[in-house]
Amino acid sequence: NIVVNAPPVVDLGNDTTLCPGTQLLLNAYSTGATYLWGDGSTGPSFPVSSPITATVTVTNGAGCSSSDAIIVGYSTPGAPILGNDTTICSGMSVDLNATVPGAGGYVWSDGSTNAVLNVSAAGTYWVEVAEGGCSVRDTIAVQTVASPNLELGPDTALCAGSTLTL
């Protein structure tokens with residue numbers, strides 16, 4: 001009698017790209033099997049939180065083995081750069097520009113969806129930019145100060161060689 005034991009089925013899925021800050025839990029579970037991941041760990045699952053080519057070999061109780069690998073990359077979307085916090089004079093405004101080439105959309109703290117937001121009031125403003133299936137956020141604080149009250153006096157005509165102190 002010849003007994004042919006089937007190797008375990010191992011499928012970590014397709015290669016994938018994740019957004020920064022996300023984690024993927026790879027699972028190679030098979031009843032009665034042992035596991036050996038590329039980093040030497042031996043559990044049925046493997047957490048991924050940085051770019052890696054993860055490999056696993058699964059061995060069933062009959063001594064048959066199968067392996068699989070997955071490449072996990074992380075997207076690096078361009079962060080919107082609103083610049084340093086800023087101060088404007090009362091009654092004036094400033095354009096906050098979050099333009100990112102290839103961006104899929106913009107959402108500002110006031111709900112507007114343009115790449116540029118014109119603000120004239122003090123406050124903290126944020127923008128979230130969608131790019132490559134991920135989103136990034138940037139924040140800027142805008143302060144206002146009173147415009148200086150400048151009085152140079154009445155118009156004055158001077159004779160040649162005369163001086164006027166302002």
Side-chain angles (χ1 to χ4, degrees), residues 8-31 33-58 66-153 155 166:
V9 176
V10 181
D11 184 9
L12 296 177
N14 295 329
D15 295 346
T16 189
T17 301
L18 303 175
C19 295
T22 59
Q23 186 176 22
L24 176 65
L25 185 63
L26 300 175
N27 190 349
Y29 180 79
S30 182
T31 303
T34 59
Y35 313 91
L36 180 60
W37 293 90
D39 71 344
S41 60
T42 58
S45 60
F46 184 80
V48 175
S49 57
S50 62
I52 191 172
T53 298
T55 60
V56 65
T57 299
V58 179
S66 289
S67 297
D68 195 18
I70 183 173
I71 298 172
V72 179
Y74 276 82
S75 175
T76 53
I81 300 180
L82 295 177
N84 295 329
D85 293 347
T86 191
T87 302
I88 59 174
C89 294
S90 295
M92 299 192 75
S93 65
V94 64
D95 282 337
L96 304 179
N97 190 337
T99 302
V100 174
Y106 303 87
V107 176
W108 288 89
S109 47
D110 70 351
S112 63
T113 57
N114 295 320
V116 178
L117 179 69
N118 182 273
V119 297
S120 58
T124 300
Y125 300 88
W126 57 260
V127 63
E128 192 166 287
V129 179
E131 182 184 4
C134 301
S135 63
V136 291
R137 184 182 279 210
D138 196 14
T139 302
I140 187 171
V142 176
Q143 296 181 13
T144 57
V145 294
S147 298
N149 187 8
L150 183 59
E151 179 60 47
L152 296 177
D155 292 345
L166 298 176

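Counting from 1, the numbers follow the sequence of the chain as shown. Note that this is a predicted model, so its numbers are computed, not measured. Values below: all heavy atoms of this structure, side chains included; hydrogens, waters and symmetry mates excluded.
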Student: Looking only at heavy atoms, which two atoms of Ser75 and Pro20 are closest? And how far apart?
Tutor: O-CG, 3.2 Å
Student: With rounding to the nearest 0.5 Å, note down the distance linking OG in Ser49 to CG in Leu24.
Tutor: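 These two atoms lie 10.0 Å from each other.
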Student: Please say whether more than 12 non-hydrogen atoms of neighbouring residues, nucleotides or ligands are located less than 6.0 Å from CD in Gln23.
Tutor: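 Yes, CD of Gln23 has more than 12 neighbouring heavy atoms, counting only those of other groups under 6.0 Å.
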Student: Indicate the atoms forming the closest heavy-atom contact of Ser93 with Ile88, along with that distance.
Tutor: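 It is CA-CD1, 4.1 Å.
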Student: What is the distance from atom CD1 of Ile140 to atom CG of Asp85, rounded to the nearest 0.5 Å?
Tutor: 6.0 Å
Student: Under 3.5 Å, is there a donor on one side chain and an acceptor on the other for Ser112 and Asn114?
Tutor: no
Student: Do you know the tightest heavy-atom contact between Leu12 and Asn27?
Tutor: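 Looks like CD2-O, 4.2 Å.
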Student: Tell me the closest heavy-atom pair linking Thr99 and Ala115, and the distance in Å.
Tutor: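 Between these two residues, the closest heavy atoms are OG1-CB, 3.5 Å.
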Student: Under the 3.5 angstrom rule, does the side chain of Tyr35 hit a backbone N or O of Ser30 as a donor-acceptor pair?
Tutor: yes
Student: Are any of the side-chain heavy atoms of Leu82 and Tyr125 separated by less than 4.5 Å?
Tutor: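 The answer is no; the side chains never approach within 4.5 Å.
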Student: Kindly indicate whether the side chain of Leu117, heavy atoms from C-beta on, has any atom under 4.5 Å from the side chain of Val127.
Tutor: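 Leu117 vs Val127: side chains apart.
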Student: When you measure from the side chain of Tyr74 to the backbone N and O of Thr22, does any donor-acceptor pair fall under 3.5 Å?
Tutor: yes
Student: Would you confirm whether Ser66, through its side chain, and Pro8, through its main-chain N or O, come within 3.5 Å as a donor-acceptor pair?
Tutor: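 Looks like yes, one N/O pair under 3.5 Å.
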Student: Please give me the minimum heavy-atom distance between Ala121 and Thr144, naming the atom from each residue.
Tutor: C-CG2, 4.2 Å
Student: Any side-chain to backbone donor/acceptor pair from Ser90 onto Val145? Under 3.5 Å, distance only.
Tutor: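 Between the backbone of Val145 and the side chain of Ser90 there is a qualifying donor-acceptor contact (under 3.5 Å).
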Student: Quick one: OG1 on Thr53 to CD1 on Ile70, what's the gap to the nearest 0.5 Å?
Tutor: 9.5 Å
Student: Is there a side-chain contact between Asp68 and Asp11 in this structure, where contact means two heavy atoms from C-beta onward sitting under 4.5 Å apart?
Tutor: yes
Student: How close do Ala28 and Trp37 get, counting heavy atoms only, and between which atoms?
Tutor: CB-CZ2, 4.0 Å
Student: Is it the case that more than 12 heavy atoms not belonging to Asp110 sit under 6.0 Å from its CG atom?
Tutor: yes
Student: Any side-chain heavy-atom pair from Val119 and Val94 closer than 4.5 angstrom?
Tutor: yes
Student: Using a 6.0 Å cut-off, check whether atom CG of Asp39 has over 12 heavy atoms from anything other than its own residue.
Tutor: yes
Student: Using a 4.5 Å cut-off on heavy atoms from C-beta on, say whether the side chain of Leu26 contacts that of Val56.
Tutor: no
